[in-house]
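On a predicted model such as this, the values are computed, not experimentally measured, just so you know. Basis for what follows: all heavy atoms, side chains included, without hydrogens, waters or symmetry-related copies. Naming: A, B, ... by sequence-line order, numbering from 1 per chain.
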Amino acid sequence: MEAFKEFCAKAAPLDRANVDTDAIIPKQFLKSIRRSGFGPYLFDEWRYLDQGEPEMDCSQRPLNSDFVLNQDRYQNAQVLLARQNFGCGSSREHAPWALADYGFKTIIAPSYADIFFNNCFKNGILPIVLDEETVDQLFKACVENTGFEVTVLLSEQQLKFSHPLANGQTTLAFDVEPGRKHCLLEGLDDIGLTLQQADKIKQFEAKHREQAPWVFATIAK
Amino acid sequence: MSNETQSHSLQNSPQTNSPQTLYDKLWQQHLISEEDDGTALIYIDRQLLHEVTSPQAFEGLRLAQRQPHRVSANLAVPDHNVPTKDLELGITDPVSRLQVETLEANCRDFGITEFGLGDKRQGIVHVMGPEQGATLPGMTIVCGDSHTATHGAFGAMSFGIGTSEVEHVLATQCLRQKKMKNMLVRVDGHLNPGVTAKDLVLAIIADIGTAGGTGYAVEFAGEAIEALSMEGRMTVCNMAIEAGARVGVIGVDDKTLEYVKGRPLAPKGELWDQAVSAWRELVSDDGARFDKVVLLDATTIEPQVSWGTSPEMVIPVKQSVPDPQKESDSVKQQGMDRALEYMGLTAKQSLADIPLNKVFIGSCTNSRIEDLRVAADVVKGKQVASSIELAIVVPGSGLVKEQAEKEGLDKIFTDAGFEWRQPGCSMCLAMNADRLAPGDHCASTSNRNFEGRQGQGGRTHLVSPPMAAAAAIAGHFVDVREWLVAAEEVA
C-alpha cells in the first residue's frame with residue numbers, strides 16, 4: 001500500500017444517507033478477479049443512463065448530467081462528502097477499490113458502516129468522521145463555493161478549507177485511531193505486522209488445539 | 001413497540017469474575033494479544049471462501065510468496081455467480097466462468113477443500129457451513145461476505161470481512177480487530193401463527209434502524225428467539241448486518257446441540273461429550289451487562305413487507321406506504337422521497353395495490369428446508385397468478401434440494417407454476433442470469449432492497465417465505481395469516 005501523503009484537492013458532495021456498497025459498485029463488476037480498474041464503474045447506476053457491464057468502454061456511455069460527479073465543477077475531486085451510514089450493506093472491498101481507483105483519498109461523513117470503514121484503511125483511503133452539523137456545514141460550503149478545496153493533513157489530524165464554513169472556521173481537527181493512522185502514513189501491510197507475532201500465534205494455537213480439538217478437524221474432499 | 005435502556009460498559013474486564021456476555025466469552029477465548037489502543041489480535045477458527053471476494057486474496061498470497069497458515073481451517077464453495085438452470089451448458093457467461101474456475105484453481109493450488117459445481121454439498125456458503133458442521137458453537141468464523149453473521153445462531157462469533165482480511169486470515173489465521181460493544185435484543189412472548197423469523201428480524205431492523213447496530217455485537221434472546229428452530233435463528237442472525245451489526249449471536253441450548261450432532265464435521269464419541277460441556281457455557285451469564293438493550297414484544301409483530309430501498313423501510317402488511325411529509329428529520333425525509341420515486345410508489349398507497357410481477361424464494365436468509373416447507377404449504381393445490389411473469393424457488397444447497405425433492409416439494413411448486421432451480425445466491429444479488437428488469441416489482445425472501453440490488457431498476461419487496469408464496473398465488477401482497485385461518489376452517 002502507498003503511504004498516505006498530505007494533499008489538497010476539490011471536494012464533491014454526495015447528498016444521500018445510507019449509500020450502500022451495491023450503489024458504490026454494482027454486482028456485475030464484482031466478477032473481475034483483479035483489484036484494479038473499478039474506477040470507471042464507481043456509482044455506475046447513478047452516473048450513467050445505460051446499463052453498465054464489465055469491460056465496457058465508459059467514455060462512450062451516456063452520462064446522467066444530474067449526478068454530482070458528472071458536474072464540471074467537481075471534476076478531479078479527491079475528497080468525498082457523504083451522509084450518515086456511508087458504505088452500508090455488502091462487505092465487498094471492490095467499493096473502496098472503486099473509490100480509490102476513481103481518485104478519492106478521503107471521505108468525510110457523520111458515520112460509516114463498520115466493514116466498509118475497515119476496508120477503506122486497507123486501501124489507503126482515510127474515512128473521517130465529523131459530527132452531523134459540521135458535515136452539513138461542509139456540504140453548504142462545498143455547494144456554495146465553486147472550487148471548494150480541502151487540505152488533508154493526516155499527521156497533524158487536521159483539515160484546512162479554501163473557503164470558510166458558515167461558522168467562520170477554516171480548519172478543523174479530526175480523530176483517527178493511532179494504529180490505523182500509523183499504517184496509513186507508513187503504507188504498512190497488516191499481514192507483515194501480524195507475522196511479527198508469529199510465536200504468540202503458534203503458542204495460542206497449541207493451547208487452543210488442546211482445549212478445543214474439534215475446531216481442528218480436517219475437512220474431507 | 002420497543003424501549004431502550006443505556007447502561008455502562010463493562011470496560012472489557014475478562015480477568016475478573018464479573019458476569020460476561022456470550023460475545024465477551026467468545027472474544028476472550030480467541031484473544032491472542034491486545035495493544036494499548038484496544039487493537040487486538042484474535043484467532044480465527046474457520047474461514048469460508050467463495051468465488052467473488054477471494055481471487056484477489058489468493059493473488060496477494062502468491063505475490064508475497066506466502067502459504068495458508070492452516071489449510072484445513074478453510075472451506076470453499078462457489079455460490080454468487082453460479083447459474084441456477086441449464087447446468088449442463090456450464091457457465092455461459094465467460095467472466096463468471098473465469099471467476100468460478102479461478103476459485104477452483106486456487107483451491108487446488110493451495111490444497112483447500114472446495115465443494116464445486118455438481119457436488120451436492122455445493123450451495124450458498126451460509127447454508128453449506130452449518131449443514132456440514134463446519135460451523136460449530138464457540139468458533140470464530142469469517143467469510144468475505146457480510147451475511148456471515150448467520151453462523152452466530154450457533155453461539156459462534158462470526159462476521160463478514162473484506163478481501164484484504166480474507167488474505168490476512170489465509171496467511172496468519174488471525175485478524176486485527178477492536179472489540180465491539182454489546183447490545184441485547186430481547187424479544188418476549190411468542191410469535192403468532194403465520195409470523196416467521198423473517199418478520200421478526202425485519203421488525204427489529206425497522207425498530208433500531210439500518211445503522212442502529214453499527215459498532216455492536218448483537219445478542220438475540222428472549223422467549224421468541226428460544227422458540228425458533230435453528231433455521232429460524234439463522235434467518236435472524238443473517239440479517240444482523242441489515243441493522244448495521246457485523247456480529248449477531250444466540251446462546252447455545254438443546255436445539256443447537258441437536259442440530260449440530262451427527263454433521264460431517266461435528267465431533268463424535270468422547271470428543272462430542274467434551275465439546276458439549278464446553279458449548280453449554282456459551283450463553284450470557286446472569287447479570288451480564290450490555291451497553292444497549294432493546295426490548296420487543298413478539299405478540300405485536302405482524303407479517304412485514306418492505307416498501308422502500310433500505311431494509312429499515314419496512315411496515316406490517318396491513319399498513320399503507322408511509323408519508324414522507326410526516327417525517328421530521330430532513331435527511332430521512334429526502335431518503336423516503338427518493339425511495340418512493342425509485343420504487344414507483346406514492347405515499348399512503350395500500351401494499352395490496354403494488355403491481356407485483358416477479359417472486360423469488362431463496363437466498364442465505366430463506367432457502368433452507370423449513371422455508372421451502374412453509375412456502376409449499378401455502379402454494380399446495382393453487383396456481384401462480386397470471387400477472388406474475390416469473391416465480392422461482394432456489395434451494396440453498398444441493399442437500400436442501402435433495403431433501404425437498406424427497407418430500408415432493410418441488411412437485412408442489414412446479415405444479416403451481418413456480419420454476420424449481422439449482423442452488424446458489426441467484427436473484428438475491430443478481431450476479432448470475434437471474435435478475436429483475438427495470439420497473440419489475442418482486443416479492444423476495446432475500447435480505448436487501450437496495451436500488452438495483454436484484455437488477456438495475458428492479459424494485460424489491462422483502463418478505464417471509466409464506467408471504468412471498470401467498471403473493472405469488474394472489475398476484476399481490478396479502479396477509480398470509482388470513483389464508484391460514486381460512487385453511488383451518490376448511491379442515
* Do any N or O atoms from the side chain of A/E93 and from the backbone of B/T53 form a donor-acceptor pair under 3.5 angstrom? -> no

* Charged N-O contact under 4.0 Å between A/D189 and B/R66 -> yes

* To do: Could you look at B/T102 and say if it's the side chain, the backbone, both or neither that has a heavy atom under 4.5 Å from chain A?
  => side chain

* To do: Classify the angle between the aromatic ring planes of B/Y43 and A/F204 as parallel (below 30°), tilted (30 to 60°) or perpendicular (above 60°).
  => tilted

* Taking atom types as modelled, is there a side-chain donor on A/E205 or B/H69 under 3.5 Å from an acceptor on the other? -> yes

* Asked: Under 3.5 Å, is there a donor-acceptor pair between the side chain of B/S72 and the main chain of A/T218?
  -> no

* chain B contact via A/R34 - side chain, backbone, both or neither, heavy atoms under 4.5 Å -> backbone

* **Flag for B/T39-A/E177: side-chain donor and acceptor within less than 3.5 Å** => no

* To do: Name the region of B/N74, side chain, backbone, both or neither, that has any atom closer than 4.5 Å to a heavy atom of chain A.
  => backbone

* Using a heavy-atom cutoff of under 4.5 Å, enumerate the residues of residues 19-28 of chain A that contact chain B, numbered in order, or state 'none'. => A/D20, A/D22, A/K27

* Ionic contact status for A/E45 with B/R453, cut-off 4.0 Å -> no

* Any idea which heavy atoms bring A/G89 and B/I241 closest together, and the distance? -> O-CG1, 4.2 Å

* At what distance, to the nearest 0.5 angstrom, does CD1 of B/I32 lie from CG of A/D199? -> 12.0 Å

* Structure fact -> Here the gap from A/R180 atom CZ to B/R176 atom CZ, rounded to the nearest 0.5 Å, amounts to 10.0 Å

* **N/O donor-acceptor pair under 3.5 Å between A/K31 side chain and B/M431 backbone** => yes

* **Residue pair B/Q274 / A/W214, side-chain donor-acceptor N/O under 3.5 Å** => no

* Applying a criterion of heavy atom separation less than 4.5 Å, what residues of residues 113-120 of chain A form contacts with chain B? -> A/D114, A/I115, A/N118, A/N119

* Side chain, backbone, both or neither of B/N81 within contact of chain A (heavy atoms, under 4.5 Å) -> side chain

* Asked: Thinking salt bridges, do A/R35 and B/E167 make one under a 4.0 Å N-O criterion?
  -> yes

* **Portion of B/R448 that has a non-hydrogen atom of chain A nearer than 4.5 angstrom** => side chain

